[in-house]
Amino acid sequence: NAGVMQNPRHLVRRRGQEARLRCSPMKGHSHVYWYRQLPEEGLKFMVYLQKENIIDESGMPKERFSAEFPKEGPSILRIQQVVRGDSAAYFCASSPFWDNRNYYGYTFGSGTRLTVV
Amino acid sequence: DQQVKQNSPSLSVQEGRISILNCDYTNSMFDYFLWYKKYPAEGPTFLISISSIKDKNEDGRFTVFLNKSAKHLSLHIVPSQPGDSAVYFCAASGFMAGSARQLTFGSGTQLTVLP
């Protein structure tokens, strides 16, 4: 049972280009979350999605960032016209439907390290 | 507004001794608390959790204590081992929009266990 798969592991983009980060949740998980970790900082929530729905995007920058989780295929975090300040590690996590009996939180992927040059 | 705070960015402990990592929260709606461990270039991995109806949960060398009145939790690792050296994130959970939960993370504490 594969875990949360993120690709690419490393992504280098020039300023002004677009970055696309992909995340395939664990089998059976219907909820996907994106977090960003800036250098020397903790994990900051960006967006929470279910299939074909954005549930909460309160952590997403208002411009240039978008996320989707289509009916088929991985979740995509898209950053348009990247700037140096977008350089960070982006982590995707997934979870199943909430179960009161046993809560293990999220399962995280290994992350995509975006470097903007 | 930081709802989950880890005030110690780093902690060094001698091998075999106890490591105590602390975390404070402000939102009284949080009802589950978790600790994650993160190695460099890897994603965080779940370590241990505690429900707000409990004040202690133990799993091997790891014990989490919750003091609801003080809105404080701590992670104890005993005995500490060099392989425990990692960044430890405290996280808190409450029901948000949708049917699953959101986690709010602290800024992390770098634990270094010295041989």
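If you're wondering where the values come from, they're calculated on a predicted model, not measured in any experiment. Hydrogens, waters and symmetry mates play no part in the numbers below; they use all other heavy atoms, side chains included. Naming convention: chains lettered A, B, ... in sequence-line order (proteins, then strands); numbering from 1 in each chain.
- Donor-acceptor pairing under 3.5 Å is lacking for the side chains of B:Lys38 and B:Tyr36.
- Remark: A:Arg113 engages no residue in a side chain to side chain donor-acceptor pair (under 3.5 Å) (not counting sequence neighbours).
- Taking all atoms of both residues into account, the shortest heavy-atom contact from A:Val47 to A:Ala67 is CG1-CB, 3.8 Å.
- Taking both residues in full, the closest heavy atoms of A:Gln37 and A:Phe91 are given as OE1-CE1, 3.6 Å, listed atom of the first, atom of the second, then distance.
- Two rings, from B:Phe62 and B:His76, have their centers 6.0 Å or more apart.
- Within residues 105-115 of chain B, the residues having any heavy atom closer than 4.5 Å to a heavy atom of chain A are B:Phe105, B:Gly106, B:Ser107, listed by residue number.
- A perpendicular orientation is assigned to the rings of B:Phe30 and B:Phe33, their planes being inclined by more than 60° (bins at 30° and 60°).
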